[in-house]
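Below is one structure, written out as structure tokens, with a few remarks after it.
A quick note: this is a predicted structure, and the numbers were derived from the prediction, not measured. Scope of the values below: all heavy atoms of this structure, side chains included, with no hydrogens, waters or symmetry mates. Residue numbers start from 1 in every chain, and the chains themselves are labelled A, B, ... in the order their sequence lines are given, proteins ahead of strands.
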Number of protein chains: 2
Amino acid sequence: MLFHFKDKFPQLTPYWDKYLEFQKRVEVTAKTVLLGEGKISGHYIFVEKGCLRAAFNNNGNDKTVQFFFEKDGLTSFESFLKNTPSLFTIETIEPSIIYLLPKTHVNNLMAELSREPDFLNIILEVSAERQLHYMHEFVSFIRDTPEQRYQNLLNEKPHIIQRVPQHYIASYLGISRVHLSRIKSSLARKK
Amino acid sequence: MLFHFKDKFPQLTPYWDKYLEFQKRVEVTAKTVLLGEGKISGHYIFVEKGCLRAAFNNNGNDKTVQFFFEKDGLTSFESFLKNTPSLFTIETIEPSIIYLLPKTHVNNLMAELSREPDFLNIILEVSAERQLHYMHEFVSFIRDTPEQRYQNLLNEKPHIIQRVPQHYIASYLGISRVHLSRIKSSLARKK
DNA sequence: CGCATTCGGTAACATTTGTTATCGCTTGTA
DNA sequence: TACAAGCGATAACAAATGTTACCGAATGCG
């Protein structure tokens, strides 16, 4: 779940701030697991500083699903919503500063927010955005070659490529580390 | 946008029925285009009988994104929401009976629905479902081989494989028609 | 009926991608 | 400092997948 509540919906700032006191600030090293695959998500996670990824283990192969950076908020959506074991591990890539808001408070916050007249529209907008995000990823797999997918990432989200170790990006693109390396050198040759 | 309003949320039936009179019933042959790629979506589409697909043209290659059957409701979500050109064509696969509800009425219906106390939760549930649908498709591309994706489809949505021409399924799986044919005969040999 | 069109199977060959192994560079740490 | 571990480039080979072409069956239509 990817919210940018404060920046995108300033009218909600008072709500958000009210729950600041319930957030637990933690500083963690790189590769710290914030939520293990199979565990039930119990917090909303807000990235103050650093960089995280959501990933899962597939027969010993580590597969990255998404990256998160400063000001991103997230949970393992399905797990958080339905109280089911998380399909993903959430772990830091860099040393990071994280705020954790326990689920009970998230629920209270939601209940309060639902009285805000704009809330329905905000929810619709946020939901639509997330839906379109995954839809575009999905369509890209049907439509594009791995090389094109890498170029798209380079054009649309260069910060990911700059900040994230390459083998994570390879698994995110659905290809092997070796092949991503080949794609890069092939693109360098073309120029 | 995939709603099963009537079946899943019986409390909304009166609203739905009230707008029945504004729906236009059409009977169309196979391969009828209901919404062209690049056009702006102006209707909510409900499938009474038959089978549709959403697809797009990629350098002359036809790529299928999703299939729809009886009781599915749909629009080109992004186009409908933002009044932007649709990324997808929506067309019939079989001769079909379709109900079309013009956008203005959809908006009115939404406005009325938003007064229903359950509506926020319903919207959340529907949105979450759709988000998870696309997320699972996306994860499947990262995780699974084409052969596994075909088997998943066979296990989870056999009606698609039974009803839809094979070359549409191939493009939906992100592979060539020839390769899907290979996968099928390889699976047949294994058994 | 006869014909064109659509659809799916198969083969041969080309290209892409994965796997394994090796190397060098960097970084963290004992 | 020295050593191990992580990371990325590259090569050689294997496997997966795409492309093109051809065939035959089914279907729709004159």
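Among B/Glu70, B/Glu94, B/Glu27, the one residue that satisfies the salt bridge (Lys or Arg N to Asp or Glu O under 4.0 Å) test with B/Lys49 is B/Glu70.
Aromatic ring orientation, A/Phe138 versus B/Tyr172: perpendicular (interplanar angle above 60°, classes split at 30° and 60°). Taking the six-membered ring where the residue is Trp, A/His159 and A/Phe69 present perpendicular rings, their angle passing 60° and hence far from 30°.
Look at CD1 on B/Ile183: it is 12 Å from P on C/dG9, rounded to the nearest Å. Rounding to whole angstrom units, CD1 of residue B/Ile93 and P of C/dT6 are separated by 16 Å. The interatomic distance linking A/Tyr150 (OH) with C/dT17 (P) rounds to 15 Å, in whole Å.
A cation-pi arrangement is present between B/Lys103 and B/Phe80, with the terminal nitrogen or guanidinium carbon under 6.0 Å from the aromatic centre and inside a 45° cone about the axis. Geometric assessment of B/Arg53 against the ring of B/Phe68 yields a negative cation-pi assignment under the 6.0 Å and 45° thresholds.
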Contact pattern, 5' to 3', of nucleotides 18-30 of chain C - B, S or - by protein heavy atom under 4.0 Å: BBB----------
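Aromatic rings from B/Phe141 and A/Phe141 are positioned such that their centres are separated by under 6.0 Å. In this structure, B/Tyr19 has its ring center under 6.0 Å from that of B/Phe22.
Among the heavy atoms of the strands lying under 4.0 Å from B/Ser185 are primed sugar atoms or P, OP1, OP2 only; no base atom is included.
Heavy-atom contacts from other residues, nucleotides or ligands closer than 6.0 Å to NZ of B/Lys39 number 12 or fewer.
On the nucleic acid side, DNA chain D has its first and last nucleotide under 4.0 Å of a heavy atom of chain A at D/dC7 to D/dA12, going 5' to 3'.
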